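Please read all numbers here as calculations on a predicted model, not as lab measurements.
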Amino acid sequence: MALSNLKTFFKKEKTYLYFALAIITLWVLPYFVLLTHAHMRIQDNLDSNISWYKVLNDSGQLFGSIHANIPQIINGHLSRNAFYSEYYGIIELFRFFPPVIAYGFNEAITRFVAFFGMYLLLKHYVIKNEGQGIIRVAAALTFSLTPFWPSGMLSTLGMPLALWAFLNLRYGIKMWQSWNIITLLPFYSTFMLGFFFFLSAMGVFWLIDVIKTKKAQLRLFFSILYMTLIYLAIEYREVVSLLFSHEKTNRSEFYESKNNLMVTIGLVFKNYFLGHNQDQTFYPFVIFPTALLALILVIFQKRWRQEKLFIGLHLANFLLSVWYSFWWYDAWVPLKQKISILNTFNFSRYHYLRPMIIYILFAVSLQILWQFNKKWRILAVLFALLQVAVLVPSNEQIYYRHSPSFGQFYAVKEFNDIKKFIHKPVQDYRVVSIGLHPAIAQYNGLYTLDTYNNFYPLSYKHEFRKIIAPELAKNQAMREYFDQWGGRCYIFDSELGNNYLFSKNSSKVIKNLDLNIQALKQLGGDYILSSVPIKNANENSLQLQKVFNSKDAYWRIYLYKVI
C-alpha cells in the first residue's frame, strides 16, 4: 500500500507545479508586505542601481540624446549613456511604481520566468520521461530560487527559456512561441552583462551543428542574429559609448590582470565551488555531491557514451571557471595594453552561463540516481529537497536581516532634515560622503561630487584623486583599488578602509583625516556628510554644522561645511 502511494506521489506533476509556484510566491511576497521595511542586497544594488533609477527618472534625461549628461552627479560630467537604456523593463517598473514595489515585481518576474524556462527546457529536451516530473519541477524550482543580481533581470535566469526557444527553432517546432520569446527577452535582460556570452556560445553551438549535420541550419543562424540585433538596438547607448566615443573613461585604467599562476589556479577552484557574487548557485553543498555520486555511478556502469550530456555539463562547468580565473592572469597584460577593448569589456563573464549549466547538471544527476535503482528515487527526491533547504537562507529577508532595510538605508526623513537645514536649492551646492555610499545622497536628490558608476570621464577621476591623494598615500591596497579600477569614486579614508556601513550605534571616530580641501573646493565641494565624527575636522578646514539622527534611519549623519 505504501509503495503504491509512493508511485502515485511521484506521478503527480501538476501538484508539484502548483507547489513550486506557491513557494516562489511566498519567496517574493515580503517585498509587497514589508515595503520600505524590506531587506535587500546592498552591493551593486542599494549602493548603486536602485539610486540610479531614481536619479535617471528625476533628471528628465530618461529619453535624452546620446550626448546628454546627468547634472546631479559629478558636476554633470556623467553621461546619460552610463545608465540603462530607456527600453529596459526594469526602468519602466521603477518609472511607474514605488521603488520597493518595482523591486518586488522584478523579483517575481525574474523568478517565475526562470522557473518556467528551466521546466520547459528540461521537459522537452533533457528529462523527457513522463514519470520523472518531480525531477523537472525540483530542478526548475531550485534554479529559480538562486540569488541573482537584481538589475540583471533575466540576464542569467532567462537563459534556459532562450535555449528552449532556440532549440525549438532548430527543430522547427513551437515556432511562434519561440520567435516571441527571443523578441521579448532582450527587453528584460542585458546584452553586455549576460546575453552577449549566451549568444556567442549559441554561435559556437550553431557552428558545431553545421559541421556535424553538413547543413547550413539557416533558421538557427538567423534567429541568433535576430536576437543579437534587437539587443544592439536596445543598448544603442552603450554600443555608441563603447565603440565610438573617443573620450577616455575610468575604464581606460582597468588593470585587473595581476594574478600570478598560483593565485590563478586557486581562483579556478574558488570560482568552481563558490561562484561569483552576481551568479551564485549554492553549488558545493548538495549539487556537487549529487553530481559526483552520479558520476561514480556512470563510471561504475561504464555508461560514458550514453551520458554524453552529463559528461559535457561537468566539463563545461569546470572549464568556465578556468576561463574566468585565467582572464585575470598577469600573462594577459601585454595583450590588454595593445587591445583596449580587452580592458574596457570584461570577457571573463562567460561564468554567467554557469547557473544554467549547473542546474541542468543537477537535473541530469538526479535522473541518473532515479534510474539506477527504484530505492534510489527517494534519495534523488531527498537531494532535491535538501537543495531547496540550502537556498532558503539566501532569501534576502533572511540573508540581509542584519543589514539596514530599504527605508533605513536611504533615510529619506533624515536627508529631508539635512536639506531643510542647509536651506538652499540642491542644485546650488555640492556634497561628498564619508563612511556611507554617495548613492544615498543621490537618491535623496543631493548633487554629489562622488559616485559609483561603471564609466565616467578619466579626467574627472584624476581631478577627484587630488582630493583623496593624501589618504591614498597611507594605504597601498586602497590606492590600487582606486587607481586600477576607480568605479567607486569615493572620499576614501585609510582609517575606515572599504567600509561604508557605520551605523548610528558605531563608536568609530576618524582621528587623522587628511584631505586636499583646496582640490575639493576647486570641484565645488560645499559640504561633507559623514557617518562618523571627524576628530581633526578643523585641521581640514571643516566646520561641524549639525548632527542628524532619525529613529527610522540607519545612520547618524555629521554635516560638515567646507570653509
Side-chain angles (χ1 to χ4, degrees), residues 16-29 31-32 40-41 49 84 87-94 97 101-127 136-169 174 176-191 193-199 202 223 227 230-231 234 278-281 352-360 362-363 388 391 394-396:
Y16 313 143
L17 285 170
Y18 293 139
F19 186 67
L21 294 176
I23 290 176
I24 297 173
T25 301
L26 290 173
W27 194 274
V28 302
L29 188 61
Y31 302 107
F32 302 96
M40 53 192 69
R41 171 184 174 135
N49 294 76
Y84 275 180
Y87 299 113
Y88 276 150
I90 197 169
I91 291 290
E92 295 305 303
L93 288 178
F94 278 86
F97 294 100
I101 297 296
Y103 190 89
F105 277 133
N106 179 57
E107 282 276 333
I109 292 167
T110 303
R111 296 194 184 280
F112 280 114
V113 172
F115 173 77
F116 283 113
M118 180 61 82
Y119 175 76
L120 290 170
L121 178 64
L122 295 176
K123 184 176 178 65
H124 294 142
Y125 293 104
V126 184
I127 312 293
R136 290 188 285 271
V137 174
L141 173 62
T142 51
F143 174 72
S144 71
L145 298 182
T146 55
F148 71 101
W149 178 47
S151 290
M153 302 166 283
L154 288 165
S155 297
T156 54
L157 296 192
M159 288 181 184
L161 183 62
L163 181 55
W164 178 75
F166 279 122
L167 291 175
N168 290 342
L169 294 170
K174 302 183 185 299
W176 71 269
Q177 298 102 315
S178 301
W179 282 111
N180 283 340
I181 285 169
I182 66 172
T183 300
L184 294 175
L185 260 178
F187 293 91
Y188 212 80
S189 57
T190 68
F191 185 60
L193 298 173
F195 267 82
F196 166 85
F197 308 99
F198 175 83
L199 288 169
M202 284 301 304
S223 62
M227 193 177 193
I230 293 176
Y231 272 115
I234 291 171
Q278 290 184 353
D279 59 11
Q280 298 175 61
T281 58
Y352 286 155
L353 296 169
R354 291 189 70 227
M356 176 178 66
I357 289 171
I358 283 173
Y359 278 87
I360 296 174
F362 185 42
V388 173
L391 287 165
S394 73
N395 183 283
E396 287 192 318

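- The minimum heavy-atom distance between Ile182 and Met227, with the atom names listed, is O-CG, 3.6 Å.
- In this model, a donor atom of one side chain and an acceptor atom of the other lie less than 3.5 Å apart for Glu396 and Tyr103.
- Rounded to the nearest 0.5 Å, atoms CZ (Phe166) and CZ (Phe198) are 6.0 Å apart.
- The nearest pair of heavy atoms linking Lys174 to His124 is CE-CE1, 3.8 Å.
- Residues Thr110 and Met153 come closest through the heavy atom pair CG2-O, 3.3 Å.
- Side-chain contact between Tyr352 and Phe196: absent, with no pair of heavy atoms (C-beta onward) separated by less than 4.5 Å.
- When atom types are taken as modelled, the side chain of Asp279 and the backbone of Leu353 share no donor-acceptor pair closer than 3.5 angstrom.
- Listed for the Thr142 side chain is a donor-acceptor partner under 3.5 Å among the backbone atoms of Ala139.
- In terms of heavy-atom proximity, Asn49 sits nearest to Ser151 at CB-OG, 3.1 Å.
- Of the inter-residue distances, the one linking Tyr125 atom OH with Leu167 atom CG reads 5.5 Å to the nearest 0.5 angstrom.
- What you find for Ile181 and Ala165 is that their closest heavy atoms are CG2-CB, 3.9 Å.
- Side-chain N or O atoms of Asn106 include none that pairs as donor or acceptor with a backbone N or O of Ala102 at under 3.5 Å.
- Looking at Tyr359 and Thr281, their side chains come closer than 4.5 Å, going by heavy atoms from C-beta outward.
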Cut-off 3.5 Å, no hydrogens considered: what does the side-chain donor-acceptor table look like for residues 112-119, sequence neighbours left out?
unit_1	atom_1	unit_2	atom_2	d
Tyr119	OH	Glu13	OE2	2.4

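- A 4.5 Å side-chain heavy-atom check between Leu154 and Phe148 finds every atom pair outside the cut-off.
- The shortest side-chain heavy-atom distance between Pro355 and Phe143 falls under the 4.5 Å cut-off.
- Ser178 places no side-chain N or O within 3.5 Å of a backbone atom of Leu169 that could act as its donor or acceptor partner.
- Of all heavy-atom pairs spanning Thr190 and Tyr231, the tightest one is C-CE2, 3.8 Å.
- Considering only heavy atoms from C-beta on, Leu141 stays 4.5 Å or farther from Phe19 through its side chain.
- The side-chain heavy atoms of Thr146 and Ile358, taken from C-beta on, include no pair separated by under 4.5 Å.
- Not a single donor-acceptor pair under 3.5 Å links the side chain of Arg111 to the backbone N or O of Ile24.
- No side-chain heavy atom of Phe187 sits under 4.5 Å from any side-chain heavy atom of Tyr88.
- The shortest distance between side-chain heavy atoms of Trp149 and Leu193 falls below 4.5 Å.
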